[in-house]
**Q** 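Pasting in a structure now, in structure tokens, and then I'll have a few things to ask.
Convention: sequence-line order gives letters A, B, ...; per-chain numbering from 1.
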Amino acid sequence: AQKVTQAQTEISVVEKEDVTLDCVYETRDTTYYLFWYKQPPSGELVFLIRRNSFDEQNEISGRYSWNFQKSTSSFNFTITASQVVDSAVYFCALTNYGGATNKLIFGTGTLLAVQP
Amino acid sequence: DAGVTQSPTHLIKTRGQHVTLRCSPISGHKSVSWYQQVLGQGPQFIFQYYEKEERGRGNFPDRFSARQFPNYSSELNVNALLLGDSALYLCASSLRGQRPGVEKLFFGSGTQLSVL
């Protein structure tokens, strides 16, 4: 069975602090994809990053960085120098490579509140 | 270009009623997926449609049904509403309905359904 766990329900930081959102996943598949989505109060899910299981290189995009470690089944997301606009719910998601559908398995999300 | 559009944005129904939610994919996209997001949880996969055919279904009762029209828009129908059906219903579209690792899913802002 596939499962995504985001143990942090809510995180509150002050602007300019760094913050890391944790994601742990379970899958029996050897080939899979991991994602992070941002959900602002407006409701739509905004794609942030996709990572396949063969690529363990860490990635940096501006203030965002991602740390993928297969050995610990984790795909953590760090925001450097957080801003108020980063306040949102962040979801980690998983999909296998060989499925018949484009189904995503989501975690329960982490609500990030960045205080000015 | 317009993104994924969903209507209505908010809806209030009473137990036992029927509801129809609508989704228009991004122009050129042929696949539509539906997700249910209960408050405090991550989205859960309900259906995927591609070229008017059901490609997959999540673990939802038969009260949930959907269809896709020749213009690729889609309707999600829920019969005999229960209090537990209260949720944000998200629609996502993609070009060819391939796995999210291959092509990106684009989400709408959702329909907030409240069942009283």
Side-chain angles (χ1 to χ4, degrees), chain A residues 1-10 21-27 29-55 68 75 88-111, chain B residues 2-10 23 25-26 29-50 53-60 66 87-113:
Chain A
Q2 296 179 314
K3 185 179 179 181
V4 175
T5 301
Q6 295 179 255
Q8 303 152 307
T9 306
E10 294 186 35
L21 309 182
D22 297 333
C23 172
V24 174
Y25 62 92
E26 297 175 29
T27 180
D29 297 307
T30 56
T31 307
Y32 51 89
Y33 289 89
L34 295 162
F35 303 79
W36 277 95
Y37 282 86
K38 174 181 180 180
Q39 187 175 45
S42 55
E44 81 276 18
L45 288 166
V46 178
F47 170 87
L48 296 177
I49 191 172
R50 172 188 64 200
R51 170 69 71 224
N52 74 54
S53 52
F54 294 114
D55 183 2
F68 176 33
F75 186 42
V89 181
Y90 290 85
F91 289 98
C92 181
L94 166 72
T95 189
N96 65 4
Y97 184 78
T101 72
N102 59 8
K103 171 184 176 180
L104 288 170
I105 306 293
F106 286 88
T108 52
T110 297
L111 173 61
Chain B
V4 178
T5 57
Q6 294 186 242
S7 63
T9 54
H10 294 83
C23 171
I26 292 172
H29 284 197
K30 297 181 178 180
S31 176
V32 168
S33 300
W34 287 95
Y35 284 78
Q36 181 197 62
Q37 185 179 5
V38 173
L39 188 64
Q41 300 295 317
Q44 281 201 304
F45 174 81
I46 309 175
F47 286 110
Q48 183 195 353
Y49 275 77
Y50 175 67
E53 297 289 329
E54 181 183 302
R55 179 170 279 185
R57 181 188 183 110
N59 189 23
F60 280 81
L88 178 68
Y89 288 85
L90 293 163
C91 175
S93 77
S94 64
L95 199 57
R96 289 180 298 274
Q98 297 182 10
R99 297 176 295 277
V102 175
E103 60 178 24
K104 197 183 294 185
L105 274 180
F106 294 83
F107 285 85
S109 297
T111 294
Q112 184 64 55
L113 172 65

**Q** Mind checking ring-ring contact (aromatic ring centres under 6.0 Å, His included) for B/F107 and listing every partner two or more places apart, or none if nothing turns up?
**A** A/Y37, B/Y35
**Q** Show, in sequence, the C-alpha distance, side-chain angles and deciding distance for B/Q37 and A/F91, and conclude whether the side-chain contact (heavy atoms from CB on, under 4.5 Å) test is met.
**A** CA-CA 12 Å; B/Q37 185 179 5; A/F91 289 98; 3.2 Å; yes
**Q** So which part of A/Q39 gets closer than 4.5 Å to some heavy atom of chain B, the side chain, the backbone, both or neither?
**A** side chain
**Q** Just so I understand: if I count every heavy-atom pair under 4.5 Å between each of B/G110, B/P43, B/G56, B/A92 and chain A, which residue has the most?
**A** B/P43
**Q** Kindly compute the distance separating CZ (B/R57) from NZ (A/K103), expressed to the nearest 0.5 Å.
**A** 12.5 Å
**Q** Mind checking salt bridge (charged side-chain N to carboxylate O under 4.0 Å, His left out) for A/R51 and listing every partner two or more places apart, or none if nothing turns up?
**A** A/D55, A/E59
**Q** Do B/K104 and A/F35 touch side chain to side chain, with heavy atoms closer than 4.5 Å?
**A** no
**Q** When you measure from the side chain of B/Q48 to the backbone N and O of A/N102, does any donor-acceptor pair fall under 3.5 Å?
**A** yes
**Q** Counting only heavy atoms closer than 4.5 Å, note whether B/T9 contacts chain A via side chain, backbone, both or neither.
**A** neither
